[in-house]
Amino acid sequence: MATFLYRLGRFSFRRRRLVLMLWIAVLAAVGIGAAGVSASTSDAFTIPGTQSQKALDLLEKEFPQASAGGATARVVFEAPDGQKLTSGVHKTEVESLVADLGKARQVASVADPYTSGTVSKDGTVAYAQVTYEVAEAEVTDRARDDLEEIAGKGERAGLAVSMGGNAVQEQPHQSVAELIGIAVAAVVMVITFGSLVAAGLPLLTALFGVGAAILGITVASAFIDLSSNTSTLALMLGLAVAIDYALFIVSRYRGELRDGHKPEEAAGRALGTAGSAVVFAGLTVVIALAGLSVIGIKVLSDIGLGAAFAVVVAVVIALTLLPAMLGFAGPRIATGKLTSRRMRAIESGEREPMGVRWSKFVLRNPVKVLGVSVAGLLLLAIPALSLQLGMPGDESASPGSTQRTAYDTVTDGFGPGYNGPLTVVVDARGSDDPKAAANDAVTLLDGLPDVASVSPATFNQAGDVALIRAVPGSSPAGEKTVDLVSEIRDRGPQLHDDTGAELMVTGTTALNIDISDKLNDALIPYLCVVVGLALVLLMLVFRSILVPVKAAAGFLLSVLATLGVVVAVFQWGWLADLFGVEQTGPIVSVLPIFLVGVVFGLAMDYQVFLVTRMREEYVHGAEAREAVVAGFRHGARVVTAAAVIMISVFAGFVFSDEAMIKSIGLGLAAAVFLDAFVVRMTIVPAVMALLGRRAWSLPGRLDRLLPNVDVEGEKLRHLLDQAPESDREPEPVPTGKG
């Protein structure tokens, strides 16, 4: 692989105009395609094999007129202060608005609040439940515009009108605050390289790659129903890894130039060594993200595959467009006119880099450093023991949005449970008396604690399947509601024994509970798969057993500590004001598994970038401790810069209005900080010091079985050393001193 990348680097450098034009053509093509399509996104969750999904499928078959699988909207009306909706002009206006809702595009049915009993006891609040003919993903912008127009009509008549439900989706957007990450990345790279050219290239190629990835996802959304968060998370990860990969290659390229190689030869060597590590690091991220699709939940598959696609584009950009841009930059990229006196002293050898001094400190005190680091991570992980999972609903919408207003108004007027009524299905096709079975189910539900109200049973045309609405006394995401769903399901077998009918609970609340349970159950197996993958991949790269075990253990520590941080902020409310968390509650169900996949990939990035250089020095004859110091001398600065950039990019998403994006942004920022600075740059050298030469040992039989992927480019180096001297004449290049 190293030899192929060496040739690719030289080709891209030499044929830079062709490579650049090809990428511009690709970007233009996907841009034109994205401009001409109507994207389809949603946040609907489906989970085959669960009771809630089984009941929903039965409803779609037996109650087609109810559009059980259709999108829903709740239009909430509130009277002016001191007035009511139960009489006079306000009642007339509400009835008129409900009639307009029934005529709106794609609407299947509307429940009149005056006939369905959805007017509050004091008469100040009412809501109409709107059911659509199509699923959430198929609700058109024109249908949503109809809702907006009807709400505007009510507002002009003096009513307060707000809307909730999955048909009223607040589209995610990037705030200005998220650009902070890019600005910080630029500053960090200027400080790292001391050159505007060297700092600008990684940013330029990263933005180019992210633009191509996002536009590609937009084109795909015209043919595939994608989650509305797919593009946001692809942007988040794609931008971070693209900058990091480019940073690593540019740093190696500058080093090759300073060693006296011609620019084209330096580009080839940089890709043959650092490029190999980039390919492997990118592969680990892609595998971990794409692996999310095996969980069986569509939204998780969407965001995993979308982010994986962005990472693939980032790797390809780093291996093709970046060396082409290096060709345009020429030797100027090695000239650091913005270097400080300290940087010049380090480059001239008069002063040791901070990374070297830190590694020597760790090597002198490995036991103490290791003990403090592990204890600190375990302490941070304590909150993860109380992790609770849930799905975001209208209650987690941004303050002031129509969804949040509708949720709060219904809670004040009726109670929190009315925001998430349970849909109870009685499948009495195997019962001798379906009506009696349905009545027994109503009686059962009415006698349960935390049930605010139960509607009479509604039968299908055949009279053997009944639909019952049960309103919990607690909020949809509350623990009491979760317990209520479990209790209803626990009572189901008894009802089946007594009547022959099957009792099932479905609806948005039940689906969310099932999704959370599914993800919670899948977390440990997925973690085991990811850790197992880490052991195999790292064994291939480092030709060692102990190094992969150490890397996997460090990965587990950083994941647990990260989950602890997320729980402390979003569930316990610690530092909630600082991070703009308006309301604490369960952690978004997809977050832990998504964090495991992403953190695994990023952890392997830093592991590869730092430890491959240690192995390279060790293979060339350095002692084990000397190899650690050498690895830090060449890699610590780049890893530090890469980590700061990633933290900045991810932290920018903490300012998002979307609760899910906010929690993922904080989680990833914390994960990168902990894994890069505590695990890779502290625990790793401490363990390497304790292991010594044993760290690089591999049983002979296993050594023969494992293929040699040559990530550090050792075979390439031997090949180049045997090449004729004329093929690699050195060319003096400015070093950036002075």
Side-chain angles (χ1 to χ4, degrees), residues 42-53 56 136 166 169 172 226-230 232-233 288-289 291-307 383-397 419-420 475-483 485-486 505-527 530 559-560 562-572 581 583-599 653 656 658-668 671:
S42 73
D43 291 311
F45 281 78
T46 59
I47 180 163
T50 60
Q51 186 188 104
S52 54
Q53 191 65 49
L56 192 61
E136 173 191 348
N166 58 18
Q169 288 298 326
L226 296 176
S227 165
S228 60
N229 289 315
T230 302
T232 304
L233 295 173
L289 290 172
L292 295 172
S293 59
V294 304
I295 303 298
I297 297 177
K298 185 179 181 304
V299 170
L300 202 59
S301 299
D302 289 347
I303 60 179
L305 292 175
L385 296 174
S386 62
L387 174 68
Q388 296 177 359
L389 301 179
M391 293 305 304
D394 288 344
E395 75 278 4
S396 63
N419 285 292
S475 63
E479 289 186 36
K480 290 185 177 180
T481 302
V482 175
D483 293 338
V485 172
S486 297
V505 186
T506 187
T508 303
T509 301
L511 276 169
N512 288 345
I513 291 171
D514 287 344
I515 290 169
S516 298
D517 290 343
K518 174 79 171 179
L519 289 169
N520 202 18
D521 293 341
L523 179 59
I524 299 302
Y526 180 72
L527 189 60
V530 167
V559 166
L560 293 175
T562 299
L563 289 176
V565 171
V566 172
V567 169
V569 174
F570 290 93
Q571 192 173 305
W572 290 4
V581 179
Q583 182 176 341
T584 59
I587 305 304
V588 179
S589 297
V590 301
L591 179 60
I593 282 186
F594 185 75
L595 272 180
V596 168
V598 174
V599 173
F653 288 84
S656 171
E658 292 283 319
M660 180 177 176
I661 300 300
K662 182 187 291 286
S663 60
I664 290 178
L666 177 62
L668 291 179

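None of the values given here were measured: they were computed from a predicted structure.
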Backbone N/O of Val566 and side chain of Gln571: donor-acceptor pair under 3.5 Å: no
If you compare all heavy atoms of Ile593 against all heavy atoms of Tyr526, which two are closest, and at what distance to 0.1 Å? O-CE2, 3.7 Å
Would you please test Val567 and Ile587 for side chain to side chain contact (heavy atoms under 4.5 Å, CB included) and show each step? CA-CA 7 Å; Val567 169; Ile587 305 304; 4.2 Å; yes
Would a distance-only check, ignoring hydrogens and angles, find a side-chain to backbone donor-acceptor pair under 3.5 Å from Gln51 to Val505? yes
Pro592 side chain reached by Leu387 side chain, heavy atoms, under 4.5 Å: yes
Rounded distance (nearest 0.5 Å) linking atom CG of Asn512 with atom OG of Ser589: 7.5 Å
dist Ser663:OG -> Leu595:CG (nearest 0.5 Å) comes out at 8.0 Å
Determine whether a donor-acceptor pair (N or O, by modelled atom type, separation under 3.5 Å) exists between the side chain of Ser52 and the backbone of Thr506. no
Where do Gly564 and Pro383 come nearest, in terms of heavy atoms and distance? O-CB, 3.4 Å
Could you tell me whether the side chain of Thr481 and the main chain of Ser475 form a donor-acceptor pair under 3.5 Å? yes
Supply the atom-to-atom distance Gln53 CD to Asp514 CG, rounded to the nearest 0.5 angstrom. 9.0 Å
For Thr509 and Gly420, the nearest pair of non-hydrogen atoms, with its separation, is OG1-O, 3.3 Å
Interatomic distance, Thr562 atom OG1 to Leu666 atom CG [nearest 0.5 angstrom]: 9.0 Å
